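Structure first, then comments.
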Amino acid sequence: AIGCTTAASVSLEGKNLWLVRSLPVDTRLVLKAKLNVAMTLYIPTVLICGTLFNIALKPDPLFIVLMYAVPLAYSYFTALFGLKANLNSPNFDWTNEVTVIKQSKPTLVTMLVGMLLTIVPAVLALFFGHAVMLAALALAVVLDVVLYRNLMTKGAAQFESF
């Protein structure tokens with residue numbers, strides 16, 4: 001939840017944004033492509049780590065499902081939130097990619113929100129167990145739906161305005 005490629009994906013277009021804008025495709029497709037790039041990193045990681053944790057911990061069936069569902073929902077939230085943050089605060093005048101990737105406001109905000117939304121439920125789960133994980137999953141799914149709808153409407157309009 002703290003490493004997000006989409007937090008810099010719009011800004012990395014830089015002065016060449018006109019190339020993406022001139023493509024004969026719907027703006028929502030461009031935004032979905034940026035989300036899919038992030039998910040190609042997240043999904044294999046979640047599958048491998050979830051499998052290894054489940055083999056090592058030998059948990060009950062509910063926990064096995066949660067070991068995949070919660071990280072996938074958080075991953076999608078992170079990708080959506082990073083893209084939204086970058087649309088709200090793009091930087092197209094950079095001279096070095098490091099400025100956009102490591103030193104930008106969207107990257108910092110996405111990283112801090114990701115840490116907060118990960119650490120708090122993790123600590124609570126130590127004391128309250130599966131109920132917290134189920135609540136975190138439900139919250140992440142709701143946030144995913146809200147952010148996705150916002151990105152496909154207002155976010156697409158923001159991207160078109162650049």
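All of these numbers come straight from a predicted model, not from anything done at the bench. Sequence positions, counted from 1, serve as the residue numbers for this chain.
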Within one Ile-Leu-Val-Met-Phe-Trp-Tyr cluster: Val20 and Leu29, side-chain cutoff 4.5 Å: yes
Within one Ile-Leu-Val-Met-Phe-Trp-Tyr cluster: Leu72 and Leu139, side-chain cutoff 4.5 Å: yes
Approximate separation, where rounding is to 0.5 Å, of Phe128 CZ and Met133 CE: 15.0 Å
side-chain contact (heavy atoms from CB on, under 4.5 Å) evaluation trace for Tyr76 with Tyr42: CA-CA 8 Å; Tyr76 200 57; Tyr42 297 147; over 6 Å; no
Heavy-atom closest pair, residues Ala38 and Thr5: CB-OG1, 3.3 Å
Residue pairs fulfilling side-chain hydrogen bond (donor to acceptor under 3.5 Å, both in side chains) with at least one residue in residues 112-135, sequence neighbours excluded: Asp60-His130
pair Glu97-Lys102: side-chain heavy atoms closer than 4.5 Å: no
Value rounded to 0.5 Å, distance of CG in Leu35 from OG in Ser75: 12.0 Å
Value rounded to 0.5 Å, distance of CD1 in Ile119 from CG in Leu124: 12.0 Å
4.5 Å side-chain heavy-atom contact, Phe81 and Val109: yes
Single-linkage hydrophobic cluster, 4.5 Å side-chain cutoff, Val141 and Phe77 together: yes
Val37 with Leu12, same ILVMFWY side-chain cluster at under 4.5 Å: no
Test item: Tyr74 side-chain N/O and Leu117 main-chain N/O as donor-acceptor pair under 3.5 Å: yes
Closest contact, heavy atoms only, Leu137 versus Leu66: CD2-CD2, 4.0 Å
Atom pair CG (Asn36) and CG (Leu31), whose distance is rounded to the nearest 0.5 Å: 11.0 Å
Minimum heavy-atom distance between Ser9 and Leu83, given as atom pair plus value: OG-CD1, 3.7 Å
Distance (rounded to the nearest 0.5 Å) between Gln158 CD and Asn88 CG: 4.5 Å
Cluster link Leu134 to Val142, ILVMFWY, side chain under 4.5 Å: no
Heavy-atom pair of closest approach, residues Ser89 and Pro106: O-CG, 3.4 Å
Met111/Cys4 under side-chain contact (heavy atoms from CB on, under 4.5 Å): CA gap, chis, key distance, verdict: CA-CA 8 Å; Met111 184 177 69; Cys4 180; over 6 Å; no
Pairwise distance CG(Leu147) to NZ(Lys84) - rounded to 0.5 angstrom: 8.0 Å
Trp94 versus Lys15, closest heavy-atom pair with distance: O-NZ, 4.3 Å
Side-chain heavy-atom pair Leu23, Leu19 within 4.5 angstrom cut-off: no
Steps toward side-chain contact (heavy atoms from CB on, under 4.5 Å) verdict (Leu116, Val120): CA-CA 6 Å; Leu116 179 69; Val120 171; 3.8 Å; yes
Side chain proximity check, Val145 to Arg149, heavy atoms < 4.5 angstrom: yes
Among Asp93, Asn86, Thr99, Thr107, the one residue meeting side chain to side chain donor-acceptor pair (under 3.5 Å) with Ser11: Asn86
Ion pair Lys34/Glu13, N-O distance below 4.0 Å: yes
Residues, nucleotides or ligands: over 12 heavy atoms within 6.0 Å of Arg21 CZ: yes
Candidate pair Leu151 and Phe159, rule side-chain contact (heavy atoms from CB on, under 4.5 Å), full reasoning: CA-CA 10 Å; Leu151 272 173; Phe159 190 79; over 6 Å; no
Neighbour count above 12 (heavy atom, 6.0 Å) for Tyr68 OH: yes
